[in-house]
Amino acid sequence: MCLSKHEPSKMYLLSFTEKHLVLLRDGRTLIGYLRSIDQFANLVLHQTVERIHVGKKYGDIPRGIFVVRGENVVLLGEIDLEKESDTPLLQVSIEEILEEQRVEQQNKQEAEKVKMQALKERGLSIPRADTLDEY
């Protein structure tokens, strides 16, 4: 199908006036107003917050203008503002969510150590993820 010069291209289907959620490859979640996107999915977000979820709680850390390299984008979607307020999650302060996140990460590390010790006792070993190449 060929578009004439008067028909809008597919890129303009994204709204530049609505909030968007961006899920990054490292697991972070950003919410902000999309200001620019290119053919490589490089993004510029305005009034961006980083949303951290821990259990049934979440916290928003203000980040301002955020430039995201396209290769790090896993998901980009428009947020329905009517449904955003209907979340069953509890919003907490930045300090509280960061403390909850620290405790959760600490618990995961301790569980991983126990698992690795149990495997070692059985004569098995699994290389740690941080020692493997990404590619």
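Residue numbers count from 1 along this sequence.
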- request: Answer yes if L34 and L21 sit in the same cluster of Ile, Leu, Val, Met, Phe, Trp and Tyr residues linked by side chain heavy atoms under 4.5 Å apart, and no otherwise.
  value: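 Unlinked, L34 and L21 end up in two clusters.
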- request: Decide yes or no for M116 and E112: does some side-chain heavy atom of the first lie under 4.5 Å from some side-chain heavy atom of the second?
  value: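 Contact flag for M116/E112 side chains = yes.
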[atom1]-[atom2] distance between [X] and [Y], expressed to the nearest 0.5 angstrom:
X: E18; Y: D80; atom1: CD; atom2: CG; value: 9.0 Å
X: Q109; Y: E104; atom1: CD; atom2: CD; value: 11.5 Å
X: L81; Y: K83; atom1: CG; atom2: NZ; value: 12.0 Å
X: R51; Y: D60; atom1: CZ; atom2: CG; value: 4.0 Å
X: R69; Y: R25; atom1: CZ; atom2: CZ; value: 9.5 Å
X: R63; Y: E50; atom1: CZ; atom2: CD; value: 4.5 Å

message: Test: salt bridge (charged side-chain N to carboxylate O under 4.0 Å, His left out). Region: residues 92-103. Which pairs qualify, not counting sequence neighbours?
response: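 Found K57-E96, K57-E100, E99-R102.
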field: Option among V22, V49, L45 that satisfies the side chain to side chain contact (heavy atoms under 4.5 Å, CB included) test with I31
entry: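 Between I31 and the candidates, side chain to side chain contact (heavy atoms under 4.5 Å, CB included) is satisfied uniquely by V49.
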With sequence neighbours excluded, residues passing side-chain hydrogen bond (donor to acceptor under 3.5 Å, both in side chains) with [X]:
X: Q105; answer: none
X: N107; answer: none
X: N42; answer: D38

- prompt: Which other residues belong to the hydrophobic cluster containing I61, where Ile, Leu, Val, Met, Phe, Trp and Tyr are joined when side-chain heavy atoms lie under 4.5 Å apart, directly or via other members?
  reply: I52, V54, L90, V92, I94, I97, L98
- prompt: Which ILVMFWY residues are connected to V67, directly or by a chain of links, through side-chain heavy atoms under 4.5 Å apart?
  reply: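 Answer for V67: V44, I65.
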query: For L23, what residues pass the side chain to side chain contact (heavy atoms under 4.5 Å, CB included) criterion, not counting sequence neighbours?
result: T29, V74, L75
message: Show, in sequence, the C-alpha distance, side-chain angles and deciding distance for K19 and Y33, and conclude whether the side-chain contact (heavy atoms from CB on, under 4.5 Å) test is met.
response: CA-CA 5 Å; K19 271 188 178 180; Y33 294 94; 3.7 Å; yes
- request: Using salt bridge (charged side-chain N to carboxylate O under 4.0 Å, His left out) as the criterion, list what pairs up with R35, not counting sequence neighbours.
  value: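 Per chain and number, R35 pairs via salt bridge (charged side-chain N to carboxylate O under 4.0 Å, His left out) with no residue.
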field: Check: G64 main-chain N/O paired with T48 side-chain donor or acceptor under 3.5 Å
entry: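 Yes; at least one donor-acceptor contact below 3.5 Å.
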E82, CD: over 12 other non-hydrogen atoms inside 6.0 angstrom: no
